[in-house]
Amino acid sequence: MLKFRGSQHFRQRLVCATLSGRPIRIDGIREQDENPGIRDYEACLLRLIEKVTDGCVVEINETGTTLRYRPGLITGGSGLTHDCGKARGMGYFLEPLVCLALFGKKPLSVTLRGITNDSNDPNVDIWRTATFPLIRRLLALEDADSLSLKVYKRGAPPGGGGEVHVRVPVARSLPPISLLEEGMVKRVRGIAYSMRVAPAASNRMVDGARGVLNAMLADVFVFTDHMPGHEAGDSPGYGLSLVGETTTGLLISSQASAPPAVKGEKSQLVPEDIGKQAAYMLLEEVQRGGICDSMHQGLVILLCALGPEELNEVRLGPLAPHAVRTLRHVKAFFGVTFSVKPQAASKTVFLSCIGAGVKNVSKRIS
Amino acid sequence: LEKASALFSSRGANLQSYIYGTSALANGQRTDKGGGTRSLDADDSDDDLFKVRSSASAERPAHDLDAEDAVDTAVISMADLDLDRWQADGAMEALRDRFVTGDWEAAERRAAAGPDQE
């Protein structure tokens, strides 16, 4: 039994525990907090994990500050639905869900309801246009359809009301990963979405983003996606995501969204500002370098650590806090220690490891 | 810029020991710095027991690597970054070589450069 403290890195602890088959115990979850114990969205995630696994045991003490988790077998399956609640965006749930589903017995097909676009988690457009292509590349998936996300309704905080459908295939084991060439950014694509606000907001955000990025690149195209009536969820909101594609086919993404409206208070930000923010964020990510942006570092590190017992190597930008925690956790669960070699001139980091060789237990080759 | 460098772990050659110097696993000693009145000692006074963090500081930001209760997110908050610096003259121009409109040879040199030797 592995023991942890606190609520940090909650999702990856559950993912690593399930993939390694090791039970865990987390003590002291927000014990000094005014409102101690696990949050609703964390309980919601545990329910989602119960849906896609078989035989897992979750024990939570009375105050919710201690969690014991004994993982079961990942089953996957189709026709599932899950309500993600209104506290966190779907990106929060997708990160652990996709990692688990890859090692499931059957391909996963699930409908998620809740907040599709917010600023605390990667939004569904990032998932569709950056994260899934990245996973396809890392896993050398050829069938693009098997790993897909469709947005039927959008939902902004605080009301939510969005609906997406996600399909994840199963993998037998992961191929070795070697991604060291960053390339140069050759084009930028994006999606500006708006719901329950004037459709012009989308176009104004596009203007803001293009105003910044066109100085660097002519090939900038941002799609507008205005959700009408019943597809627009329960709260007004708008924002955009940008994805820069490099000459080596890698993707660097950024997102920005308008903060939820407060009643009686006029927002200081106009749509053009949101567009500019996303564009500056993209520049920031490009400047840091590496084969992916900061929000995907943790995922790349995890997939390297789960990879075959061969050399897996990647080049990343300066490590984000989430990535550092991931490195520490894969060491605790799988005993995988990365060799971390910085390069001062470009401020990038070369990471390499011998993977743990995690195999899909329900896909044994006879 | 100072803010951003505090966010990202790029401590030169000792990066590896910085990362693996702290274990993810819970051990006897507490590492939650800045939590104020924390101690696991037997002499925990009653006052301590009833002290709660004010709700403002309760959710520790995700970038605080020492916080046990840091928010679990992969996204770096925009509020932690200094995005205004891109409006300065020449800030974007310095990034030119990372785009196809820049110097391809400089990009090739960057791509060819391996990790620093010790």
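No hydrogens, no waters, no symmetry mates; every other heavy atom, side chains included, goes into these values. By convention in this document, chain letters (A, B, ...) are assigned in the order of the sequence lines, proteins followed by strands, and residues within each chain are numbered from 1.
Contacts with chain B were tallied for A:Lys186, A:Glu182, A:Glu42; A:Glu182 has the most, counting heavy-atom pairs under 4.5 Å. Your options are A:Arg88, A:Gln12, A:Gln255, and the one with the most heavy-atom pairs under 4.5 Å with chain B is A:Arg88. Heavy-atom pairs under 4.5 Å with chain B peak, among A:Val185, A:Thr326, A:Leu299, at A:Val185.
With B:Val75 as the fixed residue, the side-chain contact (heavy atoms from CB on, under 4.5 Å) test singles out one of A:Ser254, A:Pro122, A:Ser294, A:Ser119: A:Pro122.
Atoms CD and CG, from A:Gln32 and B:Asp69 in turn, are 9.0 Å apart once rounded to the nearest 0.5 Å. Distance CG/B:Leu25 to NZ/A:Lys3: 10.5 Å, rounded to 0.5 Å. The structure places CZ of B:Arg110 at 5.5 Å from CZ of A:Arg315, a figure rounded to the nearest 0.5 Å. Between B:Trp86 atom CH2 and A:Gln287 atom CD the span is 4.0 Å, to the nearest 0.5 Å. One finds the CG atom of B:Leu81 at 8.0 Å from the CD atom of A:Glu285 (value rounded to the nearest 0.5 Å). Atoms CG and CG, on A:Leu351 and B:Leu15 in that order, are 8.0 Å from each other to the nearest 0.5 Å.
Between B:Gly114 and A:Gln343, the shortest heavy-atom distance links the atoms O-CG, 3.2 Å. Closest of all the heavy-atom pairs between A:Lys341 and B:Pro115 is CB-CB, 3.5 Å. Looking at every heavy atom in both residues, B:Ala70 comes nearest to A:Arg325 through CB-NH2, 3.4 Å.
When side chains are defined from C-beta on, A:Val212 counts as touching B:Met92, because their heavy atoms get closer than 4.5 Å. Inter-residue side-chain proximity for B:Leu83 and A:Glu284 is flagged as met; some heavy-atom pair is nearer than 4.5 Å. Residues B:Phe99 and A:Met184 are not in side-chain contact: their nearest non-hydrogen atoms beyond the backbone lie 4.5 Å or more apart. A 4.5 Å side-chain heavy-atom check between A:Tyr280 and B:Asp82 finds every atom pair outside the cut-off. The side-chain heavy atoms of A:Asp219 and B:Val100, taken from C-beta on, include no pair separated by under 4.5 Å.
Counting only distance, with no hydrogens or angles, the side chain of B:Thr73 and the backbone of A:Asn120 share a donor-acceptor pair below 3.5 Å. In terms of modelled atom types and a separation under 3.5 Å, the side chain of B:Asp72 and the main chain of A:Gln8 share no donor-acceptor contact. Put simply, the side chain of B:Glu68 never gets that close to the backbone of A:Arg5: no donor and acceptor are under 3.5 Å apart.
Of the atoms belonging to A:Arg13, it is side-chain heavy atoms, and not backbone ones, that fall under 4.5 Å from chain B. Interface remark: A:Phe4 contributes backbone and side-chain atoms alike to the contact with chain B (heavy atom separation under 4.5 Å). With a threshold of 4.5 angstrom between heavy atoms, A:Phe10 approaches chain B through its backbone and through its side chain. For chain A, no part of B:Asp84 is nearby; none of its heavy atoms comes within less than 4.5 Å. At a 4.5 Å heavy-atom cutoff, A:Glu181 makes no contact with chain B through either its backbone or its side chain. Heavy-atom distances place both the backbone and the side chain of A:Ala256 under 4.5 Å from chain B.
Contacts of A:His296 classified as ring pair (Phe, Tyr, Trp, His ring centres under 6.0 Å), with partners at least two apart in sequence or in another chain: none. Partners of A:Ala305 by side chain to side chain contact (heavy atoms under 4.5 Å, CB included), not counting sequence neighbours, listed by chain and number: A:Val330, A:Val336, A:Phe338.
By the neighbour-count criterion of 12 heavy atoms within 6.0 Å, atom CG of B:Asp103 is densely surrounded, having more than that number from other residues, nucleotides or ligands.
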Does A:Leu319 form a side chain to side chain contact (heavy atoms under 4.5 Å, CB included) with B:Ile19? I'd like the steps, not just the answer. CA-CA 10 Å; A:Leu319 297 175; B:Ile19 291 169; 3.5 Å; yes
